[in-house]
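For ligands, and for the atoms within them, numbers begin at 1 and follow the listed sequence. Because only heavy atoms are used, hydrogens play no part in the values below, and waters and symmetry mates are left out as well, while side chains stay in. Note that the coordinates shown come from a computational prediction; the quantities given were computed from them, not determined experimentally.
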Amino acid sequence: MSSDTLPKDFLWGYATASAQVEGSPEADGRGLSIWDTFSLQGDRTEDGKSNSFGTDSYRRWKEDIDLMKSYGANCHRFSISWSRIIPSGGRSDPINPAGISFYRTFIQSLLEAGIQPVPTLFHWDLPQALQDRYKGFLNKEIVADFTHYARIVFDELGDLVKVWLTINEPNVYAALGHCIGAHAPGRSSDRTKSAEGDSLVEPYIVGHNLLMAHAAAVKVYREEFSQQGGRIGLVVNANWAEPYDQTAENVAAAEKYFTICSLWLADPVHKGDYPELLKEIVGDKLPEFAPEEKALLKGSSDFFGLNHYTTYYAKVRTTPAGPTDFRSQFFHGVDETSVGPDGKEIGPKAGLPWVRPVPWGFKKVLRFLWERYGRDIYVTENGVICPGEKDMKKEEAVEDDFRIDYYRGYINAMAELINEGVPIKSYLAWAFADNFEWQEGYTAKFGVTFVDPETGDRTPKRSAGFLKEFMEGKMGA
Ligand code: GBH
């Protein structure tokens with residue numbers, strides 16, 4: 001293999017998530033999710049819009065499969081909406097056959113198009129009924145309900161699936177939904193955002209229950225569905241933290257930042273416990289795993305599912321975090337920045353402040369995860385938004401050379417590591433199409449496909465054609 005090629009069985013394609021693309025929230029018996037109700041509040045998203053349209057993919061999915069095929073993708077990551085399968089979510093609640101058949105038809109059609117399905121069981125759209133019933137992931141009741149849901153899905157769809165993802169970014173769901181309050185269910189100590197919540201306590205409880213739900217679902221899959229012959233794993237968001245400078249305190253700050261953000265919910269599934277450093281930082285607010293929980297967690301992911309977007313410099317905070325700045329408090333004395341000590345920016349500005357392209361950081365995080373866990377890595381998301389893209393008309397938006405540079409840089413970085421022997425098995429670009437980007441509403445466009453906000457009409461951006469050729473070249477097609 002030349003240093004530039006990817007293995008023949010490498011999976012590549014595009015990713016989406018049900019709450020961001022499907023729309024049709026009440027079609028065919030679906031129950032509401034926490035993202036439907038949260039985004040309908042009007043003041044929770046940048047443009048005041050809800051996710052009730054998405055990309056209209058519940059109705060237009062055939063077109064999407066045709067497009068993906070034309071893009072040369074051999075794989076597609078999407079998520080299943082729990083409240084389509086069990087509208088009220090719980091283990092004694094009715095099952096909705098129409099929801100099951102929607103996904104079965106979708107998966108069959110992907111396979112017919114030569115595209116391998118990679119479904120995620122939970123990409124943040126919790127059935128609202130479970131939030132109302134017992135506060136969702138704050139309550140360990142959720143573990144039995146999630147397991148029940150997972151069992152139904154494996155049973156109904158698992159014969160068609162070879163790679164399962166359990167939960168998307170538990171670290172982001174816990175922190176943005178229960179500390180900062182920017183994501184559903186919107187809980188925070190900030191009383192302007194939420195009547196209830198404790199920003200420095202709840203994220204850790206939610207994180208704990210998310211991991212136990214993941215581990216319980218994996219146990220079901222391994223014990224009851226092993227004949228399906230698939231692999232299953234958790235997806236963790238891990239951006240890289242580079243020390244601001246080589247002083248001992250900032251080297252330590254970078255380790256702290258990465259531990260607080262990412263190792264928090266990655267170590268338990270690969271090593272069986274929270275990192276010691278996190279225990280020191282968070283103290284008794286971090287729940288403890290019982291011995292049988294540790295045993296269930298350790299090795300509960302067949303691979304490391306990685307969502308990676310960018311890199312920050314991390315350094316010690318010089319000004320104390322304000323009394324209502326719960327985000328900074330969550331970082332326990334560490335600060336992130338995009339400008340180094342030499343005044344140089346870590347990477348060019350993109351269309352959102354948090355997502356600057358830094359391909360060398362991708363290499364560092366991949367190498368770090370491989371050395372720490374020794375597991376196969378599936379890159380399950382990676383992508384960017386172009387500067388000014390939010391205000392662009394179609395003609396301008398489709399000329400997304402900034403995105404092309406990003407993909408070229410990141411994929412080349414990944415390919416170098418693969419050729420050094422790091423077992424990276426997939427690359428899923430975020431996103432297939434411009435969609436509902438959570439608190440940004442429809443203003444943040446990550447797609448390689450432009451979606452007209454009024455009509456839902458799709459137009460490939462230049463990056464879609466670029467990736468097709470680039471990946472064909474890398475895979476020797
Ligand atoms: C992923 O999350 C999601 O899985 C996907 O659904 C999403 O559309 C995609 O990335 C693109 O955003 O404003 O400084 O507090 C990414 C995780 C974590 C990205 C929090 C934005 C906000 C940073 N996100 N972050 S800040």
Side-chain angles (χ1 to χ4, degrees), residues 14-22 33 35 39 44-46 51 54-55 57 77-79 81 118 120-125 165-184 188 190 193 199 203 210 234-241 257-258 260-262 264-265 305-314 321 325-331 334-338 349-357 365 378-386 389-390 403 406 410 428-448 451:
Y14 296 94
T16 64
S18 45
Q20 298 181 268
V21 302
E22 285 182 359
S33 85
W35 266 99
S39 65
R44 297 294 194 163
T45 54
E46 186 65 29
N51 70 340
T55 64
S57 78
R77 175 179 180 219
F78 60 97
S79 78
S81 157
V118 179
T120 309
L121 291 172
F122 181 68
H123 198 127
W124 308 348
D125 43 357
L165 305 173
T166 53
I167 292 175
N168 182 67
E169 299 185 348
N171 46 339
V172 173
Y173 183 85
L176 272 77
H178 302 79
C179 168
I180 302 171
H183 281 189
S188 171
D190 182 344
K193 287 188 181 151
S199 290
L210 282 158
L234 182 75
V235 173
V236 173
N237 178 285
N239 293 324
W240 183 244
Y257 185 92
F258 194 70
I260 291 169
C261 291
S262 299
W264 165 29
L265 296 179
L306 171 67
N307 288 356
H308 174 88
Y309 285 87
T310 193
T311 292
Y312 303 104
Y313 289 123
D325 182 357
F326 300 106
R327 184 179 190 278
S328 297
Q329 289 177 35
F330 187 77
F331 283 105
V334 181
D335 204 2
E336 89 231 304
T337 166
S338 296
K349 277 201 185 71
L352 278 171
W354 63 266
V355 65
R356 290 170 187 255
V365 82
Y378 284 67
V379 176
T380 40
E381 283 181 33
N382 179 241
V384 79
I385 158 170
C386 306
E389 191 169 3
K390 125 186 201 280
R403 180 172 288 108
Y406 178 96
Y410 276 72
L428 284 309
W430 187 270
F432 166 67
D434 297 341
N435 59 41
F436 175 81
E437 174 55 31
W438 312 113
Q439 75 268 39
E440 309 297 337
Y442 298 89
T443 65
K445 298 156 189 273
F446 279 85
V448 299
V451 177

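- Using a 30° and 60° split on the angle between ring planes, Tyr309 and Phe446 fall in the perpendicular class, above 60°.
- Phe436 and Trp438 have perpendicular rings, their planes meeting at more than 60° on a 0 to 90° scale where under 30° would count as parallel.
- Not a single ring pair (Phe, Tyr, Trp, His ring centres under 6.0 Å) links Tyr313 to another residue, sequence neighbours left out.
- Contact annotation: the side chain of His183 approaches that of Trp35 to within less than 4.5 Å [non-hydrogen atoms, C-beta and beyond].
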Check: residues 165-172 side-chain donor-acceptor pairs under 3.5 Å, at least two apart:
from, atom 1, to, atom 2, distance (Å)
Thr166, OG1, His214, ND1, 2.8
Thr166, OG1, Gly233, O, 3.4
Asn168, OD1, Arg77, NH2, 2.9
Asn168, OD1, Asn307, ND2, 3.0
Asn168, ND2, His123, NE2, 3.0
Glu169, OE2, Asn237, ND2, 2.8
Glu169, OE2, Asn307, ND2, 2.9
Asn171, OD1, Asn237, N, 3.4
Asn171, ND2, Asn237, O, 2.8
Asn171, ND2, Cys261, O, 2.9

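- Contacts of Phe78 classified as ring pair (Phe, Tyr, Trp, His ring centres under 6.0 Å), with partners at least two apart in sequence or in another chain: His76, Phe106.
- Each of Gln20, His123, Trp124, Asn168, Glu169, Val172, Leu176, Asn237, Asn307, Tyr309, Arg327, Trp354, Glu381, Trp430, Glu437, Trp438, Phe446 has a non-hydrogen atom positioned under 4.0 Å from some atom of ligand 1.
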